[in-house]
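Just the heavy atoms: all of them, side chains too, but no hydrogens, waters or symmetry mates, feed the values below. Letters A, B, ... mirror the listed sequences (proteins, then strands); counts begin at 1.
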Amino acid sequence: ITVDAFKYGKIPHCTAYFLSHFHSDHYNGLTSKWSNGLIYCSTVTGNLVIQKLKVARNFVRKLPMNDEVSIDSNNDITVTLIDANHCPGSALFLFKLKDKSGRIKRYLHTGDFRACPRQVLHSAIVQPQNPAIDILYLDTTYLNPQYCFPAQEQVVNAVIKLIRKAINRGELIPMKRSSGYNGQWRNKQPRLDKSQLALDKCKILIVIGTYLIGKEKVFFGIAKAFRSRIYVTDEKRKMLMCQEIPGIESLLTNDPHQASVHVVSLMSIKSSSLFAYLESLKPTFKYVMAFRPTGWAYKGQKFSSSSTTEEILNTSTPFTIDSITPTFSTSICQIFGVPYSEHSSFRELAAFVLSLNIRKIIPTVNIGSEKSRENMNYWLDNWQKEKDKNKNIKVVPYNTVDHW
DNA sequence: GCGATCAGAT
DNA sequence: CACATCTGATCGC
């Protein structure tokens with residue numbers, strides 16, 4: 001069995017190639033010519049592999065979420081897919097492998113994930129009902145105390161409030177950029193009556209930067225709040241159609257003038273491109289507010305190596321409308337980085353590891369340098385020892401199953 | 001002239 | 001600087 005290992009071509013003795021989610025750094029090497037073995041993944045990821053990469057159908061095995069399924073004739077290998085909360089179709093893989101003596105070994109591979117209580121509450125792994133996980137392969141992208149961004153929901157709500165504030169004003173809100181020069185501001189104060197309190201009426205365009213797949217909750221959330229349709233390219237529409245979201249088609253449009261919320265590539269969120277974009281959409285739009293959702297956008301309080309586990313778990317990360325500052329701001333164009341992450345924060349990694357009984361943890365990200373491996377192991381060892389002290393392991397307390 | 005690989009930008 | 005690309009240059013055939 002391998003996970004996200006397509007760039008090596010045929011791997012000796014590998015009979016099952018698993019794909020955790022549809023991001024290119026994970027499916028790298030998978031092309032229409034693939035014939036090295038069966039690919040196992042979620043339904044959504046499978047749809048994308050067939051649609052986008054044109055991999056032959058008979059090489060793709062779409063697996064259901066949450067059910068334990070056997071992948072060999074002897075029933076010696078089973079897998080259970082758990083929603084990874086990363087991008088649509090992303091999954092954690094729980095493998096159970098029976099060895100020659102009949103003992104079952106459990107391996108949990110997180111792929112890329114944003115840890116949440118729902119995952120550790122899954123009947124296949126919840127403590128204390130389940131045996132220990134022998135090996136956890138962990139997405140350690142933000143396993144560093146400086147990464148303490150807020151919940152996705154909080155970020156989306158703050159963005160909606162910021163947009164509403166601009167609508168109420170009838171134009172963009174003058175804001176200080178985090179550093180450097182801002183362009184000239186006009187003095188005019190538009191006056192709006194109530195009928196004009198909508199994005200299209202005040203000609204404000206909302207632009208969201210995304211990759212091929214991911215950040216859907218940001219643009220669906222904004223579109224819903226302001227009753228706007230969503231402009232996407234035909235390419236992006238195809239990607240979204242693979243996700244089997246009910247009623248999605250009436251929300252999308254390929255006419256940029258028919259939607260106040262536009263989804264574009266993250267790379268086109270820069271001032272030069274946005275001015276040109278705005279110009280091309282005259283006179284439908286006069287202003288543009290652009291958002292780049294990314295994990296590193298948060299400048300909040302940080303933990304240090306002296307922080308106790310209790311501090312880490314109990315420290316919240318406040319995020320409100322006032323936390324949002326533009327990286328670029330003129331009277332017609334603003335760009336905001338918002339800490340909307342699809343990887344676990346440092347805190348969430350702590351909560352995830354502390355909620356499970358794990359024999360051994362193998363980090364899968366930031367493993368290039370010795371220094372970084374040492375730092376990560378420091379925290380992982382701390383949390384593992386913490387559990388040894390308390391003996392009985394249980395799920396770290398939470399308010400909602402959606403996030404710690 | 002094509003694909004593979006890599007530096008660079010965002 | 002992380003992320004997950006995308007673009008453009010360079011290398012090999």
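- With sequence neighbours excluded, the residues satisfying ring pair (Phe, Tyr, Trp, His ring centres under 6.0 Å) with A:F6 are A:W34.
- Listed by first then second residue, pairs satisfying side-chain hydrogen bond (donor to acceptor under 3.5 Å, both in side chains) with a partner in residues 264-276 of chain A number zero, not counting sequence neighbours.
- Partners of A:H26 by ring pair (Phe, Tyr, Trp, His ring centres under 6.0 Å), not counting sequence neighbours, listed by chain and number: A:H21.
- Rounding to whole angstrom units, CZ of residue A:F6 and P of B:dA4 are separated by 17 Å.
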Under 4.0 Å protein heavy-atom contact, by nucleotide of nucleotides 3-13 of chain C - B base, S sugar-phosphate only
BBBS-------
Which atom pairs, one a donor and one an acceptor, fall under 3.5 Å between side chains of residues 11-18 of chain A and the rest of the protein, sequence neighbours left out?
{"residue": "A:Y17", "atom": "OH", "partner": "A:I11", "partner atom": "N", "Å": "3.0"}

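- Listed by first then second residue, pairs satisfying side-chain hydrogen bond (donor to acceptor under 3.5 Å, both in side chains) with a partner in residues 224-234 of chain A number zero, not counting sequence neighbours.
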